[in-house]
Amino acid sequence: MAGTSASPVREAAGVMQVSPRVVSIEGRRRLLRDTPAAFILIAPVIVLFAVAVVYPLVETIRLSFWDIQGLRKPSFIGFGNYARLFSDATFRSTMLTTLIFTIGTTLISVSIGWALAMTCAFAPRQTLPFRVMIFAAFGISEAVSGYMWIGIYRADAGGLLNSLIQLFGFSGFSHAWLGDANTALWALIIAASWSGVGLPLMLIFAAIQAIPKSVLEAAYMDGAKPLSTMRHIMMPLSMPGVRVAVFINLLGALRAFDIIYILTGGGPVRSTETVGYFMYRESMTQFKLGYGAAATVILLLAVLIVSIPAIIQRTAGAK
């Protein structure tokens with residue numbers, strides 16, 4: 001009796017009990033109804049992605065298995081281009097140059113951006129114009145930046161760097177910075193790092209701003225000095241921004257081309273030639289399309305290797 005009398009009470013109160021199976025079936029029906037509309041909405045993006053990314057990628061991989069030189073009839077050689085690449089002393093030197101350039105620009109730009117971000121965190125409002133000016137350099141194209149640095153590195157007296165050296169009485173240190181194989185790569189690294197400081201600065205500054213104010217106030221109340229606060233609080237808690245900055249700068253350095261083309265053209269004696277520029281030279285000036293495509297695939301694999309840690313981290317965070 002108690003069971004039968006309780007049911008009308010629940011119905012009168014407006015309480016409805018729906019079984020999980022009914023909810024699941026309804027959810028599936030709704031999903032089936034919404035699926036066509038979802039595909040229609042994302043179809044333009046899929047088409048553009050296929051045309052702009054998937055097709056060039058597949059075609060590049062296909063070309064890397066062919067010997068294509070100028071107007072000569074193409075011939076299939078399998079992994080011949082890859083074997084030739086790794087037996088090519090010039091390509092091995094190019095890989096070393098790419099490694100030095102990538103690590104050098106990333107270390108310099110992220111380190112300077114990290115230090116500036118921690119310094120600006122002590123006076124966010126007062127340093128706003130300063131941060132905007134540094135970040136503005138990140139928005140300058142590599143081509144424009146390259147022409148600016150040509151004016152700085154010029155070997156004659158018109159070069160800004162040599163003019164400053166002579167102004168301070170160190171004429172013996174004037175140098176053709178881009179014309180010497182011993183200094184061209186390091187001059188290129190400095191030029192590329194200059195425009196790369198702005199993004200790490202903003203990313204790491206945002207990570208520092210996300211630190212709870214109570215943590216910084218507690219450190220101040222305990223008598224922590226600014227340097228101690230930077231070392232023991234800001235640096236560890238800003239690591240998420242640092243990791244993102246390192247990842248983005250590594251990818252940017254691996255695909256660098258414009259600034260190399262403008263400043264050095266891969267010279268002198270191919271001392272500043274990276275894999276990306278090697279690919280351009282072999283494909284577009286030597287007309288070895290298959291050989292250049294194989295170098296492109298190697299560069300793509302390097303980018304994927306750099307991206308794997310970031311992908312794993314984002315996947316784990318999503319879970």
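The chain is numbered in sequence order, starting from 1.
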Please determine whether residues [X] and [Y] belong to a single hydrophobic cluster, defined as Ile, Leu, Val, Met, Phe, Trp and Tyr linked transitively by side-chain heavy-atom distances below 4.5 Å.
{"X": "I259", "Y": "I150", "answer": "yes"}
{"X": "L107", "Y": "V306", "answer": "no"}
{"X": "W186", "Y": "L164", "answer": "yes"}
{"X": "V303", "Y": "F49", "answer": "no"}
{"X": "M284", "Y": "Y277", "answer": "yes"}

Determine, stepwise, if the pair I260 / T264 fulfils side-chain contact (heavy atoms from CB on, under 4.5 Å). CA-CA 6 Å; I260 299 173; T264 64; 3.9 Å; yes

In this structure, are over 12 heavy atoms from other groups packed under 6.0 Å from [X] atom [atom1]?
{"X": "F122", "atom1": "CZ", "answer": "yes"}
{"X": "F257", "atom1": "CZ", "answer": "yes"}
{"X": "R131", "atom1": "CZ", "answer": "yes"}
{"X": "L227", "atom1": "CG", "answer": "no"}
{"X": "R62", "atom1": "CZ", "answer": "yes"}
{"X": "Y261", "atom1": "OH", "answer": "no"}

Quick one: do F205 and C120 satisfy side-chain contact (heavy atoms from CB on, under 4.5 Å)? Show the steps, please. CA-CA 8 Å; F205 181 80; C120 293; 4.1 Å; yes

Under 4.5 Å between any side-chain heavy atoms of [X] and [Y], yes or no?
{"X": "S93", "Y": "R270", "result": "no"}
{"X": "I298", "Y": "F91", "result": "yes"}
{"X": "M95", "Y": "V275", "result": "yes"}
{"X": "T296", "Y": "L300", "result": "no"}
{"X": "Y147", "Y": "V144", "result": "no"}
{"X": "I140", "Y": "M148", "result": "no"}
{"X": "L263", "Y": "T272", "result": "no"}
{"X": "Y291", "Y": "F278", "result": "yes"}

Partner residues of V242 under the side chain to side chain contact (heavy atoms under 4.5 Å, CB included) criterion, sequence neighbours left out: V110, W114, I204, S238, M239, V246

Between the main-chain N or O of [Y] and the side-chain N or O of [X], is there a donor-acceptor pair closer than 3.5 Å?
{"X": "D222", "Y": "A224", "answer": "no"}
{"X": "S271", "Y": "P268", "answer": "yes"}
{"X": "T94", "Y": "T90", "answer": "yes"}
{"X": "Y153", "Y": "L161", "answer": "no"}

May I ask you to check whether [X] and [Y] show a side-chain donor-acceptor distance below 3.5 Å?
{"X": "S109", "Y": "N249", "value": "yes"}
{"X": "N162", "Y": "H175", "value": "no"}
{"X": "T98", "Y": "T274", "value": "no"}
{"X": "T285", "Y": "R281", "value": "no"}

Measure up the F173 and F170 rings against each other and bin them: parallel (under 30°), tilted (30 to 60°), perpendicular (over 60°).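 Ring orientation of F173 relative to F170: perpendicular.
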
Aromatic rings F76 and F65: how do their planes relate, parallel, tilted or perpendicular, breaks at 30° and 60°?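 Ring orientation, 0 to 90° scale: tilted.
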
Output the distance between atom [atom1] ([X]) and atom [atom2] ([Y]), rounded to the nearest 0.5 Å.
{"X": "W177", "Y": "I190", "atom1": "CH2", "atom2": "CD1", "value": "8.5 Å"}
{"X": "T97", "Y": "E273", "atom1": "OG1", "atom2": "CD", "value": "8.0 Å"}
{"X": "S193", "Y": "L188", "atom1": "OG", "atom2": "CG", "value": "9.0 Å"}
{"X": "T106", "Y": "I248", "atom1": "OG1", "atom2": "CD1", "value": "11.0 Å"}
{"X": "S141", "Y": "D258", "atom1": "OG", "atom2": "CG", "value": "7.5 Å"}
{"X": "H232", "Y": "L237", "atom1": "NE2", "atom2": "CG", "value": "12.5 Å"}

CA sep, side-chain torsions, deciding dist, call: Y55, V58, side-chain contact (heavy atoms from CB on, under 4.5 Å): CA-CA 5 Å; Y55 173 74; V58 173; 5.8 Å; no

Where [X] and [Y] come nearest, the two heavy atoms and their spacing:
{"X": "F247", "Y": "S307", "answer": "CE1-CA, 3.5 Å"}
{"X": "G292", "Y": "M279", "answer": "O-CG, 3.6 Å"}
{"X": "A253", "Y": "T102", "answer": "CB-CA, 3.7 Å"}
{"X": "A187", "Y": "L178", "answer": "CB-CD2, 3.9 Å"}
{"X": "F138", "Y": "G198", "answer": "CB-CA, 4.5 Å"}
{"X": "G267", "Y": "A184", "answer": "O-CB, 4.3 Å"}

Starting from V47, walk the hydrophobic network (Ile, Leu, Val, Met, Phe, Trp, Tyr; side-chain heavy atoms closer than 4.5 Å) and list everyone else you reach, by chain and number.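 So far as hydrophobic clustering goes, V47 is joined with V51.
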
Pairs flagged by salt bridge (Lys or Arg N to Asp or Glu O under 4.0 Å) wherever residues 82-111 is involved - sequence neighbours left out: none

So, are R72 and D67 salt-bridged, with charged N and O less than 4.0 Å apart?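 D67 and R72: salt-bridged.
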
Go through it in stages, so that I can follow the logic: the residues are F79 and L85, the test is side-chain contact (heavy atoms from CB on, under 4.5 Å), and I'd like the CA-CA distance, side-chain angles, deciding distance and then a yes or no. CA-CA 10 Å; F79 289 95; L85 273 176; over 6 Å; no

